[in-house]
Amino acid sequence: MAKELILIVEDNQKNLKLVRDLLQFRGYLVLEAETGEKGIEIAREQRPALILMDVQLPGMDGIAAMTVLKADSNTQHIPIVALTAYAMKGDKERFTENGFDGYISKPIDIRELPKIVEQHLSRHSEKKP
Ligand code: MN
């Protein structure tokens, strides 16, 4: 089975490297963007199977970028998981209500992240005909 293409949108180099390493170690193909604008461009061109989206980005933030992708018929089927440092109670609900498909809090748990990625990829493929 071919490994899925995953887009990481993250402006923090340390987090970007950590997530990239975790995903590549498991054989996923990784695309990267450091801004929401670039993330949207890559998502439209490459149609990844999943997007991991930092919320706090320079310029357009992750919520705005997610909203653009969810409003575009070419990309609205792609699950988008928020990566966020906001760890306050209730934020998970707030982000999923906003339109994200899931939520990963920072600091990133290196055992939790691959599980969440897998969940979203399998949930997504079940919907395919
Ligand atoms: Mn950030």
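In this chain, numbering begins with 1 at the start of the sequence shown. For ligands, and for the atoms within them, numbers begin at 1 and follow the listed sequence.
- Applying the side-chain hydrogen bond (donor to acceptor under 3.5 Å, both in side chains) test to pairs two or more places apart or on separate chains, those with a residue in residues 57-71 are Lys70-Asp101.
- Using a 4.0 Å cut-off between a side-chain N of Lys or Arg and a carboxylate O of Asp or Glu, Lys17 and Glu10 do not qualify as a salt bridge.
- Looking only at side-chain heavy atoms (C-beta outward), Ile51 and Val9 come within less than 4.5 Å of each other.
- Using a 4.0 Å cut-off between a side-chain N of Lys or Arg and a carboxylate O of Asp or Glu, Glu112 and Lys115 do not qualify as a salt bridge.
- Around the Mn ion (ligand 1), the protein N, O or S atoms found under 2.8 Å comprise Asp11 OD1, Asp54 OD2, Gln56 O.
- A donor-acceptor pair under 3.5 Å is absent between the side-chain atoms of Gln46 and the main chain of Pro48, judged by distance alone.
- Looking at Leu23 and Leu113, their side chains come closer than 4.5 Å, going by heavy atoms from C-beta outward.
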